[in-house]
Amino acid sequence: MKPNRSRVWLISLAVVLAMAFFSVVWIRWGSAGPTRPLADRSLAEMTAEDQGTIFVLIEGALYRVDQGRGRLVYVDHLYDKDFFTKNYAVKDGQTFRKADDARLYPTLRQLAEGFEDAATLDELVAAKPEDLLSGKRMWTHVTLQSPRAPTVEAYNKLAQRILKERGEFLDNRVEPSGEVAHSGTRALKCTCVAKSSSMITTKASLSSSLLYFTQGDDFWFSAWFYVAGEVRPHTLMDLESTWIKQHPGMRIVLREDGRLAAELKWGHKPMYRQPKGQEVTFPMARWVSVKLHLRLSAKADGLVELWQDGKQLIAETGQTLPLATTVYDNLEVGISAHSFGNDPTILFVDDIVVADGHQNMEKVIQ
């Protein structure tokens with residue numbers, strides 16, 4: 001639903017839902033618009049209050065409580081309540097992703113990538129359905145957001161030109177490289193220029209939208225990272241739900257102080273930091289091992305554990321899933337955000353492993 005510009009009030013959804021864990025979107029609302037009975041508050045998936053106004057989320061739609069009218073007034077649509085039946089199928093206990101052509105692609109709960117089998121980006125990312133069905137490719141898209149491709153439309157078109165038409169990179173680059181490698185002969189090289197004054201961030205990352213992790217699952221991730229030069233990227237990995245507006249989820253971040261942390265990218269963005277007085281700085285110009293364990297929960301009983309070079313930095317409980325119905329389907333690695341400073345940054349990534357249990361990580365590698 002498009003914003004109604006004739007209304008008097010203009011609010012930021014990020015401010016209104018700072019306590020309700022929603023993403024940054026700008027909207028307008030007023031006394032008119034679609035409504036439902038106040039009694040439907042009993043159906044709310046989530047309720048929050050901001051500056052005296054109560055908001056509820058029902059079947060993917062956000063409403064504000066209008067006590068005077070005794071109604072719930074529509075504000076915005078955050079996700080399709082039927083996203084699972086429209087996009088997934090379950091057969092013999094296995095979950096499949098539906099494609100537009102009705103093909104079914106097995107979802108992933110375990111993967112390993114050492115970047116040895118591809119010399120160029122178009123050889124790494126699936127170019128046709130058969131690549132995914134055969135298991136030859138697990139990566140589904142690349143993001144190259146930069147001053148020369150600042151919008152979603154622009155960087156999606158750029159990625160298509162590179163992958164399908166063998167077009168050239170503009171400024172940011174993602175490609176297999178033999179410059180440095182943790183093991184074997186290749187790693188993924190991500191080169192990202194600084195953002196312009198009108199941008200929030202730039203990106204140079206690789207993604208797979210075939211993952212499937214939900215409430216109650218354990219998610220394990222490990223990879224080796226090498227930051228070249230003196231400028232650190234802000235984000236190294238994102239685990240996201242593309243079914244919810246603004247693609248919220250957990251991510252591994254490098255803070256401005258040069259220390260690793262984990263963050264839930266949702267609403268007020270709870271940050272899981274290293275204990276004060278025990279912080280460890282992320283080294284530059286050498287390979288660094290990073291491992292993350294998440295127990296997924298929309299409540300405060302989730303778990304975040306983070307290691308650097310085998311040393312545990314974080315072990316905290318808290319929310320790790322935006323909503324109880326969330327499906328984390330997208331893994332993004334590389335420079336998923338470069339927000340600090342006015343200089344480019346270069347990141348190498350190697351030996352990525354994803355598993356649904358710690359005991360499965362070694363099995364995935366083998």
Which other residues belong to the hydrophobic cluster containing [X], where Ile, Leu, Val, Met, Phe, Trp and Tyr are joined when side-chain heavy atoms lie under 4.5 Å apart, directly or via other members?
X      : value
Phe348 : Val180, Trp224, Tyr226, Trp287, Ile346
Met199 : none
Val253 : Met271

Between Arg259 and Val280, does a side chain to side chain contact (heavy atoms under 4.5 Å, CB included) hold up when you go through it step by step? CA-CA 6 Å; Arg259 295 159 180 164; Val280 178; over 6 Å; no
Between Phe221 and Phe219, what is the ring plane arrangement, given parallel below 30°, perpendicular above 60°, and tilted in between?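 Correct class here is parallel.
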Evaluate the ring planes of Tyr74 and Tyr63, with Trp represented by its six-membered ring, and classify them as parallel (under 30°), tilted (30 to 60°) or perpendicular (over 60°).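 The rings of Tyr74 and Tyr63 stand perpendicular, inter-plane angle above 60°.
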Please collect all side chain to side chain donor-acceptor pair (under 3.5 Å) contacts where either partner lies in residues 271-280, sequence neighbours excluded, each pair once.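 For residues 271-280, and leaving out neighbouring residues, there are no side chain to side chain donor-acceptor pair (under 3.5 Å) pairs at all.
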Tell me the salt bridge (Lys or Arg N to Asp or Glu O under 4.0 Å) pairs involving [range], sequence neighbours left out?
range            : answer
residues 105-118 : Arg109-Asp217, Arg109-Asp356
residues 322-337 : Arg97-Asp329
residues 304-316 : Arg286-Asp309
residues 173-201 : Arg173-Glu175, Glu179-Lys189

Partners passing side chain to side chain donor-acceptor pair (under 3.5 Å) against [X] (at least two apart in sequence or in another chain):
X      : answer
Ser297 : Asp301
Ser183 : Asp351
Asp343 : none

Can [X] and [Y] be counted as having a side-chain donor-acceptor contact under 3.5 angstrom?
X      : Y      : value
Thr325 : Glu45  : yes
Ser339 : Thr201 : yes
Ser209 : Thr140 : yes

Could you tell me which residues satisfy ring pair (Phe, Tyr, Trp, His ring centres under 6.0 Å) with Tyr212, sequence neighbours excluded, listed by chain and number?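 In terms of ring pair (Phe, Tyr, Trp, His ring centres under 6.0 Å), with neighbours along the sequence ignored, Tyr212 is linked to Tyr88.
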